[in-house]
**Q** 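Pasting in a structure now, in structure tokens, and then I'll have a few things to ask.
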Amino acid sequence: MSWRVITEDDLTASLSAAEIDAYRKSSQFGDPVEAQLRSVAAYVRGVVRSSPARVRLAANPLALPESLIVPAMDYLRFGVLARCNIVVNESRTLAYNKACELFDQVRRGEFVPESDGEDADALAPAGSPVAAPACPPRLLD
């Protein structure tokens with residue numbers, strides 16, 4: 001597995017086109033979908049960066065490890081639906097909770113996502129660890 005850039009297609013796998021359109025119409029400023037993709041990518045990358053496993057991050061700020069893309073979309077889907085005042089069903093709430101649980105495991109080093117494999121030294125230390133833990137993104141944009 002490797003890292004790849006997340007796109008609206010990834011979100012479409014979690015939300016229907018009607019739900020995404022409703023979310024777009026709820027915004028008065030620009031495209032909220034693109035903003036939330038950037039926001040969830042920053043959040044997940046922060047989670048990975050805070051892991052004691054020191055996983056090397058991809059250079060593109062929208063790139064995530066393949067193993068965390070589906071949980072990232074489950075996490076984002078919950079926020080989008082909550083913002084649109086859509087009742088989130090039990091299966092979607094369960095997927096959100098599992099995504100949060102997985103992100104906690106990454107923070108503790110119990111689950112180690114794959115390093116970016118663009119360079120030969122992909123497993124080299126990623127640099128100094130981040131002192132502050134990652135915080136959930138604000139879904140108010």
Side-chain angles (χ1 to χ4, degrees), residues 1-119 121-141:
M1 292 189 157
S2 62
W3 287 52
R4 70 173 176 82
V5 174
I6 57 172
T7 65
E8 187 176 328
D9 290 340
D10 295 307
L11 185 58
T12 303
S14 294
L15 287 171
S16 70
E19 290 168 326
I20 292 174
D21 287 342
Y23 183 55
R24 278 200 165 100
K25 290 176 184 173
S26 73
S27 175
Q28 298 174 354
F29 308 103
D31 185 0
V33 173
E34 186 64 34
Q36 291 305 318
L37 287 172
R38 284 191 310 271
S39 179
V40 78
Y43 171 66
V44 173
R45 289 170 65 91
V47 167
V48 172
R49 190 177 296 116
S50 67
S51 171
R54 298 175 56 125
V55 174
R56 182 183 175 129
L57 303 179
N60 188 318
L62 287 176
L64 296 178
E66 287 277 351
S67 61
L68 295 180
I69 290 177
V70 171
M73 294 304 110
D74 290 341
Y75 183 88
L76 178 56
R77 172 182 60 197
F78 186 86
V80 167
L81 293 176
R83 171 151 182 186
C84 291
N85 293 321
I86 296 173
V87 176
V88 183
N89 66 27
E90 187 177 332
S91 66
R92 288 178 166 181
T93 301
L94 181 62
Y96 169 79
N97 290 335
K98 285 186 175 192
C100 291
E101 195 176 297
L102 179 62
F103 296 149
D104 287 340
Q105 290 173 353
V106 171
R107 278 188 203 98
R108 292 188 303 263
E110 296 170 4
F111 178 84
V112 180
E114 60 278 10
S115 285
D116 174 49
E118 290 181 0
D119 299 320
D121 63 340
L123 297 178
S128 57
V130 175
C135 61
R138 294 181 60 212
L139 296 176
L140 303 176
D141 297 8

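Only a predicted model underlies this, so the values are computations on that prediction, with no experimental measurement involved.
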**Q** Quick one: are Val55 and Val106 in side-chain contact, heavy atoms under 4.5 Å?
**A**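 No; the side chains remain at least 4.5 Å from each other.
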**Q** Considering non-hydrogen atoms only, spot the tightest contact between Ala99 and Pro71 and give its length.
**A**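 Looking at all heavy atoms of both residues, the shortest contact is CB-O, 3.3 Å.
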**Q** Could you grab the distance from atom CD of Gln105 to atom SG of Cys100, nearest 0.5 Å is fine?
**A**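 One gets 11.5 Å once the value is rounded to the nearest 0.5 Å.
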**Q** Kindly indicate whether the side chain of Val80, heavy atoms from C-beta on, has any atom under 4.5 Å from the side chain of Glu19.
**A**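 Answer no - side chains too far apart.
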**Q** Please round to the nearest 0.5 Å and tell me the distance separating atom CZ of Arg4 and atom CD of Glu66.
**A**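 Result: 4.5 Å between the selected atoms.
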**Q** Determine the minimum heavy-atom distance between Gly109 and Ser51, stating which atoms define it.
**A**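 Gly109 and Ser51 have their closest heavy atoms at CA-OG, 4.0 Å.
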**Q** Quick one: does Arg45's side chain have a donor or acceptor within less than 3.5 Å of a partner on Ala58's backbone?
**A**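 At least one qualifying donor-acceptor pair exists.
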**Q** Charged N to carboxylate O below 4.0 Å: is that the case for Arg56 and Glu114?
**A**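 Salt bridge: no.
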**Q** Within a strict 4.5 Å, meaning less than it, do heavy atoms of the Val40 and Met73 side chains meet?
**A**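 Touching, per the 4.5 Å side-chain cut-off.
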**Q** Ignoring hydrogens and angles, tell me if any N or O in the side chain of Gln36 forms a donor-acceptor pair with the backbone of Leu76 under 3.5 Å.
**A**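 Side chain of Gln36 to backbone of Leu76, a donor-acceptor pair under 3.5 Å: no, none is there.
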**Q** To the closest 0.5 Å, what do you measure between OG (Ser39) and OH (Tyr75)?
**A**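 Between atom OG of Ser39 and atom OH of Tyr75 there are 8.0 Å.
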**Q** Quick one: are Leu11 and Ile20 in side-chain contact, heavy atoms under 4.5 Å?
**A**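 Side chain of Leu11 against side chain of Ile20, heavy atoms only: contact under 4.5 Å found.
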**Q** Under 3.5 Å, side chain of Thr93 to main-chain N/O of Asn89, donor-acceptor pair present?
**A**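 At least one qualifying donor-acceptor pair exists.
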**Q** My understanding is that only one of Asp10, Val5, Val48, Ile6 makes a side-chain contact (heavy atoms from CB on, under 4.5 Å) with Leu64; could you say which?
**A**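 Of Asp10, Val5, Val48, Ile6, side-chain contact (heavy atoms from CB on, under 4.5 Å) with Leu64 is met by Ile6 alone.
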**Q** Please report the closest heavy-atom contact between Ser14 and Asp74, naming both atoms and the distance.
**A**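 So the two residues come closest at OG-OD1, 4.0 Å.
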**Q** Report the C-alpha distance between Phe103 and Tyr43 in whole Å, list the side-chain angles of each, state the deciding distance to 0.1 Å, and finish with yes or no for ring-ring contact (aromatic ring centres under 6.0 Å, His included).
**A** CA-CA 10 Å; Phe103 296 149; Tyr43 171 66; 5.7 Å; yes
**Q** Can you give me the closest heavy-atom contact between Arg107 and Ser50, atom names plus distance?
**A**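 Answer, listing the atom of Arg107 first, then Ser50: CG-OG, 3.5 Å.
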**Q** Any side-chain heavy-atom pair from Leu62 and Glu34 closer than 4.5 angstrom?
**A**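 A side-chain contact exists here, since the closest heavy-atom pair is under 4.5 Å.
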**Q** Does any non-hydrogen side-chain atom of Ser2 lie less than 4.5 Å from one of Asp116?
**A**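 With C-beta onward as the side chain, the pair stays apart.
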**Q** Between Leu57 and Trp3, is any pair of side-chain heavy atoms under 4.5 Å apart?
**A**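 Yes; the side chains approach each other to less than 4.5 Å.
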